[in-house]
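Worksheet: one structure, shown below.
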Protein chains: 2
Amino acid sequence: MGKTAIVNNIRRFRFEAEEMTQAELAAQVGVTRQTLIAIEQAKYSPTLELAFKIAKVFAVPLDEVFQFQG
Amino acid sequence: MGKTAIVNNIRRFRFEAEEMTQAELAAQVGVTRQTLIAIEQAKYSPTLELAFKIAKVFAVPLDEVFQFQG
DNA sequence: TGTCTATGTAAATTATTGTTTACACAATGT
DNA sequence: ACATTGTGTAAACAATAATTTACATAGACA
C-alpha cells in the first residue's frame, strides 16, 4: 500500500491521559509494547481495528488520533 | 490482529454518490476492484490509509464509513 | 552501587492485507 | 445471438502489520 502518509498524536494523548505509559496503552488495546512504539513513531500505520481501539482508549474519534496527509 | 470486527457502509455511500461503481471507487483510491469487493464485503478490513482514502472520496469522516464493533 | 521503570532498537518469524489473473453470471442493449 | 457492464469467486503471490525475543540506555530511588 505504499509509504505510510499517516501521522498520529498518540504521545500527546498518552500524556494528557494521566501520563499513561506505552506499556499500559499497549495492554489496553491488546498489542505488545513494541508494536505500540512502532505505531507511535509512525514506522508503520496500524490496522483499522487497532486504530479504533486506540482512539477508544482516549475516548475520542479516530481522526483526532490519526490524520492522513492526502 | 484477530477477527475483523469492523463493518462498513461503502455500498450505501456508493449508491448515494451517483451510483458509483466498484471499479470507479477502486480506481479513485488506487486499489484493484477485487480489493474493494473484499473490503466492501468485510472479508478483511482495509489499512488505515486506504480507509482514509475511501472516506475522502465520499467526503465524510472515516467513522461514518467504517465502524468498530467493540 | 544496585534496582526498578519507561523508552528505544533490531532481527527473525507469523499473520494479514492487497495484487494479479482468470473465470462466472445476470442484466442491458445492438 | 452477441457483446458490454457490473458484480462475484478463487488461487497464487507479494507486501506489510504485528509478534517474539533480546539487548541498550537514561532517570528515579533506596
Side-chain angles (χ1 to χ4, degrees):
Chain A
M1 268 304 311
K3 41 184 60 61
T4 168
I6 294 191
V7 296
N8 72 80
N9 309 111
I10 295 178
R11 199 170 192 92
R12 177 168 61 78
F13 274 108
R14 278 201 300 116
F15 283 94
E16 287 177 3
E18 307 143 339
E19 308 252 337
M20 177 183 292
T21 66
Q22 292 176 328
E24 280 173 347
L25 178 54
Q28 284 199 39
V29 298
V31 298
T32 62
R33 187 174 60 89
Q34 283 72 9
T35 295
L36 196 78
I37 290 175
I39 291 167
E40 184 167 302
Q41 296 177 350
K43 293 208 172 176
Y44 54 73
S45 44
T47 60
L48 188 51
E49 180 170 351
L50 181 50
F52 270 117
K53 286 182 182 172
I54 292 171
K56 192 175 184 181
V57 168
F58 299 130
V60 295
L62 190 150
D63 48 21
E64 280 191 33
V65 182
F66 299 94
Q67 289 93 36
F68 178 58
Q69 313 294 309
Chain B
M1 268 307 308
K3 40 186 60 66
T4 167
I6 294 190
V7 295
N8 72 78
N9 308 111
I10 295 178
R11 201 172 190 91
R12 176 168 62 78
F13 274 108
R14 277 201 300 115
F15 283 94
E16 288 178 3
E18 307 144 340
E19 308 251 336
M20 176 184 293
T21 66
Q22 292 176 330
E24 280 173 346
L25 178 53
Q28 283 200 39
V29 298
V31 298
T32 62
R33 186 174 61 89
Q34 284 72 8
T35 293
L36 195 78
I37 290 176
I39 291 167
E40 184 168 301
Q41 297 177 350
K43 292 207 173 178
Y44 54 73
S45 45
T47 60
L48 188 52
E49 180 170 349
L50 181 50
F52 269 117
K53 287 182 182 171
I54 292 171
K56 192 174 183 180
V57 168
F58 299 130
V60 295
L62 190 149
D63 47 21
E64 279 191 34
V65 182
F66 300 94
Q67 290 92 34
F68 177 56
Q69 312 295 312

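Note: hydrogens, waters and symmetry copies are ignored here, and every other heavy atom, side chains too, is used. In what follows, chains are A, B, ... by sequence order, proteins preceding strands, each numbered from 1. Predicted model, so just to flag it, every value in this text is computed and none were measured.
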Measure the distance from [atom1] on [X] to [atom2] on [N] and round it to the nearest whole Å.
| X | N | atom1 | atom2 | value |
| --- | --- | --- | --- | --- |
| A/Ile39 | C/dG8 | CD1 | C1' | 15 Å |
| B/Leu36 | D/dG8 | CG | P | 10 Å |
| A/Tyr44 | D/dA18 | OH | P | 5 Å |
| A/Leu48 | C/dT16 | CG | C1' | 14 Å |
| A/Gln41 | D/dA17 | CD | P | 14 Å |
| B/Leu25 | D/dT5 | CG | C1' | 17 Å |
| A/Ile6 | D/dT16 | CD1 | C1' | 13 Å |
| B/Leu50 | C/dT19 | CG | C1' | 13 Å |

(message) Nearest to the A/Ile37 side chain among C/dG18, D/dG8, C/dT9, which nucleotide is it?
(response) C/dT9

Can you find a side chain N or O atom of [X] that sits less than 4.0 Å from OP1 or OP2 on [N]?
| X | N | result |
| --- | --- | --- |
| B/Thr47 | D/dA17 | no |
| B/Thr32 | C/dT19 | yes |
| A/Thr35 | D/dT19 | yes |

(message) Give the residues of residues 12-22 of chain B touching DNA chain C, defined as any heavy atom closer than 4.0 Å, sorted by residue number.
(response) none

(request) For A/Thr35 and A/Thr32, work out which heavy atoms get closest and say how close. (result) OG1-OG1, 3.0 Å

(message) So, applying side chain to side chain contact (heavy atoms under 4.5 Å, CB included) with B/Leu25, which one of B/Ile39, B/Val31, B/Leu36 is it?
(response) B/Leu36

(message) Any non-hydrogen side-chain atom of B/Val57 less than 4.5 Å from a side-chain atom of B/Met20?
(response) yes

(request) Say whether, by atom type as modelled, one donor and one acceptor occur between the side chain of A/Glu24 and the main chain of A/Thr21 under 3.5 angstrom. (result) yes

(request) Taking A/Glu19 for its side chain and A/Glu16 for its backbone only, find out whether a donor-acceptor pair lies under 3.5 Å. (result) no

(request) Give me the one residue out of B/Arg12, B/Arg33, B/Arg14 that meets salt bridge (charged side-chain N to carboxylate O under 4.0 Å, His left out) with B/Glu40. (result) B/Arg14

(request) Would you sort out whether A/Leu48 and B/Thr47 count as a side chain to side chain contact (heavy atoms under 4.5 Å, CB included), showing the intermediate values? (result) CA-CA 6 Å; A/Leu48 188 51; B/Thr47 60; over 6 Å; no

Write out a two-atom table: protein N or O, nucleotide N or O from nucleotides 22-29 of chain C, distance below 3.5 Å.
from   : atom 1 : to      : atom 2 : distance (Å)
C/dA22 : N6     : B/Gln34 : NE2    : 3.0

(request) Show the numbers, then the answer: is there a side chain to side chain contact (heavy atoms under 4.5 Å, CB included) between B/Gln22 and B/Ile37? (result) CA-CA 7 Å; B/Gln22 292 176 330; B/Ile37 290 176; 3.4 Å; yes

(request) I would like to know whether B/Ile6 and B/Gln67 meet side chain to side chain contact (heavy atoms under 4.5 Å, CB included); could you show each step before the answer? (result) CA-CA 6 Å; B/Ile6 294 190; B/Gln67 290 92 34; over 6 Å; no

